[in-house]
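Okay, structure first, notes after.
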Amino acid sequence: MKDNIVSNKEMRSRRLRRDIFGRRTDPVSLPDVKRHGLDYPLLIAVVLLCAFGLLMLFSASYYYAQSYKGDGLYYVRRQLVYMLVGIGVMIGLSYVPYTLYSKRIVNCIIYIALIILLVIVLAFGRTAQGAQRWIAIGPITIQPSEFTKFVLVIVLANYMARNRTYMKNFVSGLLIPGILTMLPCVLILLQPNLSMVIIIAIVFIVMVSLGGCNPKQLAVCFLLGLGGGLTYVFLKGGYQLERITMAWKSWEEILKYSGDETYQIVQSLYAFANGGLFGQGLDASRQKLLFLPYRESDYILPIIAEELGFVAVLLLLACYFFVIHRGYRIARRCSDRFGSLLAAGMTSILAVQVIINVAVVSGMMPATGQTLPFISSGGTSLAAFLASIGIVLNVSRYTEKNKADRV
């Protein structure tokens, strides 16, 4: 008799919700494991990356900031403020149950808020280097597109957790997630910020792949999207087309070309060559003396290579690998599908951006203008990545320590 009695808690856990078409879907709830401490190795690694980034930012930016801003610590002070705020947000979010983001009302609020911010950027945003990407609030500037990839991970993870059974269907598995992704991408493309759209597209592919979409359908959509993207670039022309065509040229042709599109990569490779194995010494870079543009942001890795050497770059990449490994480890050990997808998506953003930045500064792909996470100058980017790590840390509180299942 007792065996046939099902508790209310068990009934609630078995109850299936319905999606926008009224179909039954999987519930989203905290995994049935004991809450424990967060992943301290991940936390410590991220804090160390931020501290190292602040040191290298001081070295890379001091000469330029003193020459053009009248304050050698201009970039360091700004980064320090964002870093302290970001670390506070990261620790705070590590205590917020991640299932809060699975609520439909929360998803709607953050998604609509993101769209509104992107529209405000187009209407009233600040323009710099030919792009309108920032909102200025007094001395603070915010780049809403930096938050887009993280918001989309939350929205897509929630959607795919609720619709696991229907992810093989084209409409449920690709069309609806694609529409949710395309709307902010169109607004970002109008800024213009093609590199951010590329990163979002890669993260979208990762997310729907983890969510269980049909691989053949995804391959067709990828080819169509790639063709559409290249067509857009070729029809628009300008600096974006120049960067792509330069990537196809040989090193001898690049050295002969005097355009701005190759200047950065040539100076970047000079910095790598000057550094050798063990570098010229901290604060001894020559390329940062106004030879290499964006030395404090997109191209800070070549300065690290020149001052500390190739060995230091390898150690830095090893630290990134450790953080990414811990993130995916948390995703594998979370027994809740939403938490697993959430941690995997946030970690994938970090992995994609590190790979792209390294590929750009080493000449393996065209310049994109994306920062090196936790290291480059860029307050919005730093705060957004720290917040995402806070969410991953909260997921780590609900993992099964011996569980190693796939997402």
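Being a predicted model, the structure only gives us computed values, none of them experimental.
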Quick one, R295 with Q267, criterion side chain to side chain contact (heavy atoms under 4.5 Å, CB included). Give me CA distance, side-chain angles, the key distance, then yes/no. CA-CA 10 Å; R295 69 213 57 83; Q267 298 302 319; over 6 Å; no
Name each donor-acceptor pair under 3.5 Å that joins a side chain in residues 379-388 to protein atoms two or more places apart or in another chain, with its distance.
unit_1, atom_1, unit_2, atom_2, d
T380, OG1, Q143, N, 3.1
S381, OG, T371, OG1, 3.0
S388, OG, F385, O, 2.6

So, does N163 use its side chain to make a donor-acceptor pair with the main chain of Y159 at under 3.5 Å?
-> yes
Under 3.5 Å donor-acceptor pairs involving side-chain atoms of residues 41-51, not counting sequence neighbours:
none

Show me the side-chain donor-acceptor pairs of residues 111-125 shorter than 3.5 Å, one per line, residues at least two apart or across chains.
unit_1, atom_1, unit_2, atom_2, d
Y111, OH, L180, O, 2.6

CG of L174 to CD1 of I179, rounded to nearest 0.5 Å, is 11.0 Å
Exercise for the section: Step through the shown structure and confirm whether more than 12 heavy atoms of other residues, nucleotides or ligands are within 6.0 Å of CZ on F291. Expected result: no
Is it the case that atom CE in M182 sees more than 12 heavy atoms from other parts of the structure closer than 6.0 Å? no
The salt bridge (Lys or Arg N to Asp or Glu O under 4.0 Å) partners of D298 (sequence neighbours excluded) come to none
Side chains of S377 and Y294: donor-acceptor distance under 3.5 Å anywhere?
no
Assess whether side chain to side chain contact (heavy atoms under 4.5 Å, CB included) is satisfied between M196 and T148, documenting all intermediate values.
CA-CA 9 Å; M196 183 62 71; T148 303; 5.6 Å; no
In residues 214-225, what donor-acceptor pairs under 3.5 Å come from side-chain atoms, sequence neighbours left out?
unit_1, atom_1, unit_2, atom_2, d
N214, OD1, K216, N, 2.9
N214, OD1, Q217, N, 3.3

Donor-acceptor pairs under 3.5 angstrom involving side-chain atoms of residues 303-320: please list them, not counting sequence neighbours.
unit_1, atom_1, unit_2, atom_2, d
E306, OE1, S285, OG, 2.5
E306, OE1, Q287, N, 3.4
E306, OE2, N274, ND2, 3.3
E306, OE2, R286, N, 3.1
E307, OE1, S59, OG, 2.7
E307, OE1, D283, N, 3.1
E307, OE2, S59, OG, 2.9
E307, OE2, D283, N, 3.3
E307, OE2, S285, N, 3.3
E307, OE2, K288, NZ, 3.1
Y320, OH, P373, O, 2.3

Side chain to side chain contact (heavy atoms under 4.5 Å, CB included) test vs I330 passes for just one of T347, V395, L342, L38, namely V395
With Y101 as partner, the option from V96, V151, I110 fulfilling side chain to side chain contact (heavy atoms under 4.5 Å, CB included) is V96
Practice item. Test the R397-Y95 pair against the cation-pi criterion, namely NZ or CZ under 6.0 angstrom from the six-membered ring centroid and within 45° of the ring axis. Key: yes
What verdict does the side chain to side chain contact (heavy atoms under 4.5 Å, CB included) test give for S348 and Y328, after you've listed the backbone C-alpha separation in whole Å, the side-chain angles of each residue and the deciding distance to 0.1 Å?
CA-CA 8 Å; S348 296; Y328 284 129; 2.8 Å; yes
- Message: Is the ring pair H325/F322 parallel, tilted or perpendicular, if the boundaries are 30 and 60 degrees?
- Response: tilted
Dump the intermediate steps for side chain to side chain contact (heavy atoms under 4.5 Å, CB included) on R329 and D39, then the final yes or no. CA-CA 10 Å; R329 182 174 179 267; D39 191 315; 4.2 Å; yes
